[in-house]
Every structure is written in C-alpha cells, then in structure tokens.
K.L.:
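Here you go, one structure.
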There are 2 protein chains.
Amino acid sequence: MNIRELARRSGVSTATVSRALNDRAEVSEATRAKIRRLASELGYAPNEPARTLVRRRSDTIGLVWDSGQEALGQHNPFLLGLLSAVRTALSDADYHLMLLTTPGEQDQDGAHLQAVQRHNLEGVIVLTTPPDDRCLRVLADSTVPCAGIDTAFTGPRTVRVSSDNAAGAEAAVQHLYELGHRRIATVTGPLHLPPAAERLAGYLRACSRLGLSVPPEYVTEGDFFLASGEAAGKRLLSVPDRPTAIFAAGDQMAIGAIHAAADAGLSVPRDLAVVGFDDIDAAALVRPALSTVAQDQRGLGVAAVEALRGLIDSTTVDTVEAQPRIIPTRLLIRGSSRPGV
Amino acid sequence: MNIRELARRSGVSTATVSRALNDRAEVSEATRAKIRRLASELGYAPNEPARTLVRRRSDTIGLVWDSGQEALGQHNPFLLGLLSAVRTALSDADYHLMLLTTPGEQDQDGAHLQAVQRHNLEGVIVLTTPPDDRCLRVLADSTVPCAGIDTAFTGPRTVRVSSDNAAGAEAAVQHLYELGHRRIATVTGPLHLPPAAERLAGYLRACSRLGLSVPPEYVTEGDFFLASGEAAGKRLLSVPDRPTAIFAAGDQMAIGAIHAAADAGLSVPRDLAVVGFDDIDAAALVRPALSTVAQDQRGLGVAAVEALRGLIDSTTVDTVEAQPRIIPTRLLIRGSSRPGV
DNA sequence: CCGCCGATCGGAAACGTTTACGGCAATCGG
DNA sequence: CCGATTGCCGTAAACGTTTCCGATCGGCGG
C-alpha cells in the first residue's frame, strides 16, 4: 500500500494525497477528509525513507550514551531515567530516535559523524559520557547540532545541559548547617569531570558563606562508586576533628560513607549526617534512607531537546558560544540527615 | 557527496561504485581498491534512506520498553543493563536501532505496527512490558518478527526470551536448605506475570523435592516494589511458625523484607536469611548485601537478537509456535544469607 | 578463424515520496 | 463583459541508491 495505490483508489493524484496527508493548504476540505478516511481504512503508512530522501530531513535525532563505564560492568544508575525523559520529550516534539553505538576498540573515530550523515540525522543528544571519547570529540567539532547532558564537550553547534550542581551542593550544605552541623566534610567525584568540580565549588562557596572552616583533610576525592565512598568515609572519620556531617557528590559514595560510619560504630544520622547527590533508585531503598540532591531528569530531558531544536532551527552557526542550560535541583530530606527518625 | 559525485571522480559509473562498496563480486580488485580509497578520502557515506528505499530493507530493528511503570515514576532498575546488552548485541549483528515510543492515552493502538511499516523495520525487540499493552498486542498478532524479553506475548512470529526463572528460584531455595533452613517462606510478584508465576513454581518444586512443608501463609503476593516486600515480611514474621528464611521473587521486595526484619528486631542473616531475584544495582549497595539470583543480561540480549534473526530469515511463518529461549541464572551469595559474615 | 564464455563495466529503470510548475475553472473588481 | 485573481488539482522531475540487462573485450577450444 503506497501513495500511488491510495491515490488511485481516491480518484486523485499522488500530489493531492501528499498534500492532504501533510496538511498543506492547497486542497479542499472535502477531498482531504475523503483521503484521510481511506488512508486509515486501508492502513496506509507513509514510507519514511522515501520522505527523508526527497525532503532531505529525517525528523530523527541520534542518541548516544556512556559506553565507557559499562565496560567495567558498572552502569550509571542515573541513566535510565534520563533516557526515558529524553525519549518522551523527543517524541512529544515529533522526532524519531535512533540509538548510536560507540564502536569497539578499532580506530573508528568519526563513527558517530558517519552515522549522522548516513541516516540524515538532524542532531544528537549525548548522555553522560567520559570526556575523552574521541568519537564524540569529532562529533562536537563538526557542525552537527549536539546537546549533551552532563558532558564536557564544546563545539561550534554544541550546547551543554546540566543540573545546577553548585546550587545543589550549596543547598545540601545549608541544610546540614541548619541542622546544627558545623564540621561538614565532603567527598567529591573525579575532579576533571565538570559536575564533580561544580559540586565541590558549591560546597566551598556554602562553607565560606556560612563561615565554616574547611580544613584540607575535609575534602577527599572519590570516583562516584561505592568503595571510594566507603574509603573516604573511613578516612574522614579518623581525622582529629571528626566531621559531624558529610556531603557526598554522588549517592553511591554517600551510601559507602554510611557503611563506613556503621563499621566505626557510629549511628546515622545521630552521630553522622550524610547527604548525597543524584537520587538514584537505591537512595530510597537503603536504611537509613538517603537524603540527597535530586536531579530533575525530566527537566534535563526537555531542556536538551529544546536546546537541540534551537540549534537545528538556527541556520547560522552561532559565533557566540551557546549558553549552557542549567536545571535546578531539589533537596530530598530523608533519614540519613533527619535526626527525628 | 553522493555516489554520483564519487563515481565521477573515480572515472567509473555509479553501478560500479555501488558494487565496489557492497563487496559484490563483479568488480576488479584494482578498481575496488581505488574506489574504496577515494571514498574514505572524500568522507563519503552512503545514504541509508535511499538504500532502504530501493533494497526494501532497512537493517534496522525497533526497540520498545515498559512505559507502564514509568508513569508512576517507578523504573525497573533491571532495564538499563538489558538495554545495553541488546544494543551491543544488535550492533554486533550490524543492525541499526530505533527507539519506539508508546503513545499517550489516545487510542493509538497499532502505533508500533505503524512505526514498523513507516520505517521498514525488520523486527522488534520488546523489553519487560505489562501484559495488557494493546499496542504490543497488535504488534504480536501481526507478522512482524518480535522477540520479547520477559514478556507475556505470543503471536505468529513472536518468540519469548526469558531467564530460567523456575530453576533460579529452585537454586535459591536449595541454597537456603543447605544452610540448614527448613522453614522457608516466599514473597512473589504479581502472579499474572509469567516470571512471577514461574519463580513461585520453582520455589514450590524445590520445597516438595526437599520435603519441606509449605503452609499457605508462607506464600504472599507482592508487586515487585519495596513497600510490598516490607509488608509481606511483616506478615511472614508474625505467623505462628515463623520462617527462618525468605525467598523474594524480586530484589526490591527482598530489601523490604530485610527492613521488616530489622523493624522486628531480628538480625539478618542470623535470625532470618533472605535471598532475592534479579541482582539490581542496589543489591550490592545495601547492608547486609543481598544474596540474589542474578539474571544474565548479556545472555538475554544476545539470545533475543539471535532469536529475532531466526524469525527474520525464516520466510515461512512457522506454524509451530517458536520455542521460548531460556537463559540460565546464577546464584550470588552475599551477606543476607551468609551466616559467617 | 569463429563462436562462446567469463570477467568487468555502463545505461537506465526502479523504489515511494515531495514539490515546482502549470492548467483549468470559478470568482471578482471595474 | 473582460482581465486578473484565487482555489484546487495533475504532471513530472527530482532525491540517492541498487540491480537488471546488455555491451565490450580478451581468451579459449574447436
């Protein structure tokens, strides 16, 4: 069932059918209705590849995510929600979605760029990838519109979307301060990653604003995974002036810190309060439940497609670097920082 | 840069270029090499929509997942790993991947089928969706090749891929039995879901094989989420002949049961051993770490694409219902069932 | 020397759309 | 009543490939 057949049965030309189905003005309401009805009766579905071929646009955008971490069998538990958010935001904007795969170890740089050309993709959304991915470097350097969530790339038509990491960290520290804590330590993520650096900056800013002293041993660097949080917790709990609260830049590390406290015979939140970042699924499952700075996944998703549409529609390559989109976070207070429980 | 331009620069016809790049035999090695070199120099990438149009196949398969659960903001934490597995398995088989979106509340049944026609998709992989999804019902009833992981659909060209739920449950019970437990209870998933029913069947089979009595109050139905496991645990711990071990058909429920034990002043695993199912991320993060029946996500992924390829290649609609593919599970013994810790 | 065959290539017709262009009525302003 | 405008529609040319059908050419057996 193609457009020719449908045209034959409707008694009109293929041009008219095309116009009717695409809501063009130059067709009478009567024939439009007739064609519409017949199309749905016959189960006609337009052939997208053919449309793409002649229109030179596919209404499709590409999606690529990490690849780095899963080599270690480690998934970013934050990713799934982001994925869903992006998916629904894109389909709300009537885009189709194609998953791109980062190539194996071959020197297939430019794989993503090739995929974009092959499929006529109009843009790419990138989710939390390591900053040294060469495929992505090539992509960002090209003129392909890119929107990256929690990525470190810049380029001629690349825009970054990110949570307000600094403000989130600041709110966490503020919260701990209001609970009466004055000795607040932090465990950071790998500081070469922008989100990790920004969260540390927020922590430092809050401390200075609140007049809290931050001895150097109060800041330890982790890798976002559980074990590093546990090690950091152990270290922090053995310094002379033991902190009474810890802000961890990631939930897994926060849970690790709680484990360290338990091992040291300390009770959370009585002896040590802990606040994490991200609100991964496990945060609500552990006991005590983890207080955390929740990222607005849906907000990140819609901001990414909005930004991407902006890039796609703007024909001119913006000379001014596109402003990053910052999405506010939300502090979730749960058992790990709520003395009353 | 299209094939015509490339042909012009190579001094041959478009037909020859096409043959050279597609590894057809009727072209000499010399010209093939020259064309190849020129193509990569000029950054030529074939236009997939055009190829799809004329070849009538897209080398693309569709992917659809739940949609039901995320309405409640609840994600299946097991999904992300499955997604990655399917993605890599598909790209290893040189397929492209398109994400399908389940429509909103409109009566858009047939949306998936339409998408398949529109994009010339060669098959669809379905991940853990509710059994009452009408879009999927339509899809499964069609002749579109479908491979479903943990789904309840059957159809003319639909094959089901699933973990060996019964054997996994049996292994869990066997493990608890070997630890000395004789009063082993279970909390199941919603029993209208095949995986939940199969896990219960495995539990029952193991109990009967081991000569364990199963009083009716030892079997309680949950919904795979945390709260239901906590409630079930509370109930199980208050029956007259209190069980010493619980097999939960899902990790979140298992964690809930552990919480219930803690609330009752019982220590896990000393007073109560708990084994879960799935090995979600949180299983390794909670304390005590959760013993669980791990599903082989990678195995499920490759089995799904293998099965799908089988369906695609077989031109004849198999009159015999396709045999489901069963993937073995692996018992992970961690703190929640290891008395030594 | 002649017909045949295999290897290698080119010409051109598809594939299913969209859209520029032109045509034909009916309508309208004067 | 006439020219111009407007509304509606059909014809046909693209879009970038693949592939069928020949064509050419050198070699080979008879």
Side-chain angles (χ1 to χ4, degrees), chain A residues 1-40 42-60 94 96 114-122, chain B residues 1-40 42-60 94 96 114-122:
Chain A
M1 172 52 55
N2 57 17
I3 202 180
R4 209 147 26 219
E5 177 73 7
L6 180 56
R8 199 179 58 73
R9 301 220 199 187
S10 310
V12 296
S13 74
T14 64
T16 301
V17 173
S18 173
R19 285 189 275 249
L21 296 181
N22 288 353
D23 277 321
R24 295 247 174 283
E26 324 93 311
V27 54
S28 80
E29 263 321 311
T31 57
R32 182 194 308 276
K34 179 170 64 175
I35 292 173
R36 276 270 165 75
R37 188 170 45 74
L38 222 52
S40 85
L42 299 178
Y44 167 77
N47 184 302
E48 289 292 342
R51 298 187 74 219
T52 300
L53 184 56
V54 59
R55 297 191 326 157
R56 285 119 170 291
R57 53 176 306 192
S58 61
D59 293 329
T60 303
D94 280 324
H96 305 129
Q114 279 244 346
V116 168
Q117 300 179 229
R118 288 167 64 118
H119 297 282
N120 267 316
L121 302 184
E122 307 187 15
Chain B
M1 173 54 55
N2 57 17
I3 203 180
R4 208 144 28 214
E5 178 72 8
L6 180 56
R8 200 180 57 74
R9 301 219 199 189
S10 310
V12 296
S13 74
T14 64
T16 302
V17 173
S18 173
R19 285 190 276 249
L21 296 181
N22 289 352
D23 277 321
R24 296 248 173 282
E26 325 93 307
V27 56
S28 80
E29 263 320 310
T31 57
R32 182 194 308 275
K34 180 171 61 173
I35 291 173
R36 276 270 165 74
R37 188 171 44 74
L38 224 51
S40 87
L42 299 178
Y44 168 76
N47 184 301
E48 289 292 342
R51 298 188 72 220
T52 300
L53 184 57
V54 59
R55 298 191 328 158
R56 282 116 175 289
R57 51 174 308 191
S58 60
D59 294 329
T60 303
D94 279 326
H96 305 130
Q114 280 242 348
V116 168
Q117 298 178 230
R118 287 167 66 117
H119 294 106
N120 268 316
L121 302 184
E122 307 188 12

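Below, chains carry the letters A, B, ... as their sequence lines are ordered, and counting in each starts from 1.
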K.L.:
When the distance from CZ of B:Arg4 to P of C:dA12 is rounded to whole Å, what number comes out?
P.N.:
13 Å
K.L.:
Reckon A:Arg118 has a side-chain N or O less than 4.0 Å from the OP1 or OP2 of D:dG16?
P.N.:
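For D:dG16, neither OP1 nor OP2 has a side-chain N or O of A:Arg118 closer than 4.0 Å.
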K.L.:
Reading nucleotides 22-27 of chain D 5' to 3', which nucleotides get B (base under 4.0 Å from a protein heavy atom), which S (sugar-phosphate only), which -?
P.N.:
------
K.L.:
Does D:dC15 have OP1 or OP2 sitting under 4.0 Å from an N or O in the side chain of A:Thr52?
P.N.:
no
K.L.:
Between A:Arg19 and A:Asp23 (salt bridge meaning N to carboxylate O under 4.0 Å), is one present in this structure?
P.N.:
no
K.L.:
Quickly work out the A:Arg56 CZ to D:dA14 C1' distance and round it to whole Å.
P.N.:
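Value for this atom pair: 9 Å.
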K.L.:
How long is the straight-line distance from CZ of B:Arg9 back to CD of B:Glu5, given to the nearest 0.5 Å?
P.N.:
4.5 Å
K.L.:
Rounding to an integer number of Å, can you tell me how far A:Glu26 CD sits from C:dA25 C1'?
P.N.:
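Between C1' of C:dA25 and CD of A:Glu26: 17 Å.
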K.L.:
Would you say the side-chain atoms of A:Arg51 pair up with the backbone N or O of A:Arg57, donor to acceptor, closer than 3.5 Å?
P.N.:
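Judged by distance alone, no pair lies under 3.5 Å.
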K.L.:
Considering just the side-chain nitrogens and oxygens of B:Asn2, establish if one lies under 4.0 Å of OP1 or OP2 belonging to D:dG16.
P.N.:
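Answer is yes, contact under 4.0 Å.
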K.L.:
Of all residues at least two apart in sequence or in a different chain, which pass the side chain to side chain donor-acceptor pair (under 3.5 Å) check with B:Ser58?
P.N.:
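Not a single residue meets the side chain to side chain donor-acceptor pair (under 3.5 Å) criterion with B:Ser58.
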K.L.:
Quickly work out the A:Arg8 CZ to D:dG10 P distance and round it to whole Å.
P.N.:
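Distance check: A:Arg8 CZ to D:dG10 P gives 15 Å.
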K.L.:
Between the two ends of the helix from C:dC1-D:dG30 to C:dG30-D:dC1, what is the bend in degrees, rounded to 10 degrees, where each end axis spans five pairs?
P.N.:
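One end axis against the other gives 40°.
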K.L.:
Taking atom CZ of A:Arg32 and atom CZ of A:Arg24, what is their separation to the nearest 0.5 Å?
P.N.:
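Spacing of CZ (A:Arg32) from CZ (A:Arg24) equals 10.0 Å.
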K.L.:
Would you say the side-chain atoms of B:Arg118 pair up with the backbone N or O of A:Asn47, donor to acceptor, closer than 3.5 Å?
P.N.:
no
K.L.:
Hey, could you give me the CD1/OG distance between B:Ile3 and B:Ser10, rounded to the nearest 0.5 Å?
P.N.:
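Going from CD1 on B:Ile3 over to OG on B:Ser10, the span is 9.5 Å.
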K.L.:
Check the distance between C:dC15's C1' and B:Asn47's CG and give it to me in whole angstrom.
P.N.:
13 Å
K.L.:
Kindly write out the residues that satisfy side chain to side chain donor-acceptor pair (under 3.5 Å) with B:Glu26, not counting sequence neighbours, or none if the list is empty.
P.N.:
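Testing B:Glu26 for side chain to side chain donor-acceptor pair (under 3.5 Å), a comparison that skips the adjacent residues, returns none.
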K.L.:
Which residues within residues 29-38 of chain B lie with some heavy atom under 4.0 Å of an atom in DNA chain D?
P.N.:
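Those residues whose heavy atoms fall under 4.0 Å from DNA chain D, taken from residues 29-38 of chain B, amount to none.
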K.L.:
Give me the atom names and distance for the closest heavy-atom approach of A:Leu21 to A:Tyr44.
P.N.:
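That would be CD1-CE2, 3.5 Å.
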K.L.:
Could you tell me whether a side-chain N or O of A:Glu48 sits under 3.5 Å from a main-chain N or O of B:His119, the two making a donor and an acceptor?
P.N.:
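Such a contact is absent between A:Glu48 side chain and B:His119 backbone.
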K.L.:
Provide, to the nearest angstrom, the distance between the CG atom belonging to B:Asp59 and the C1' atom belonging to D:dT17.
P.N.:
14 Å
K.L.:
Is there a donor-acceptor pair closer than 3.5 Å between any side-chain N or O of B:Asn2 and the backbone N or O of B:Arg4?
P.N.:
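Judged by distance alone, yes, a pair lies under 3.5 Å.
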K.L.:
Nearest to the side chain of A:Leu53 - D:dC9, D:dT17, D:dC15?
P.N.:
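So the side chain of A:Leu53 is nearest to D:dC15.
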K.L.:
Using atom types as modelled and distance alone, determine if a side-chain donor or acceptor of A:Thr16 lies under 3.5 Å from a backbone N or O of A:Val12.
P.N.:
no
K.L.:
For each nucleotide in nucleotides 18-24 of chain C, reading 5' to 3', give B when a protein heavy atom comes within less than 4.0 Å of its base, S when such contact involves only the sugar-phosphate, and - otherwise.
P.N.:
BBB----
K.L.:
Is A:Ser18 reaching over with its side chain to a backbone N or O of A:Thr14, donor-acceptor style, under 3.5 angstrom?
P.N.:
no
K.L.:
Rounding to a whole Å, what distance do you find between A:Gln117:CD and D:dG16:C1'?
P.N.:
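One finds 14 Å between C1' of D:dG16 and CD of A:Gln117, rounded.
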K.L.:
Any side-chain heavy atom of A:Asn120 sitting closer than 4.5 Å to one from A:Thr60?
P.N.:
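Heavy-atom side-chain distance check fails, nothing below 4.5 Å.
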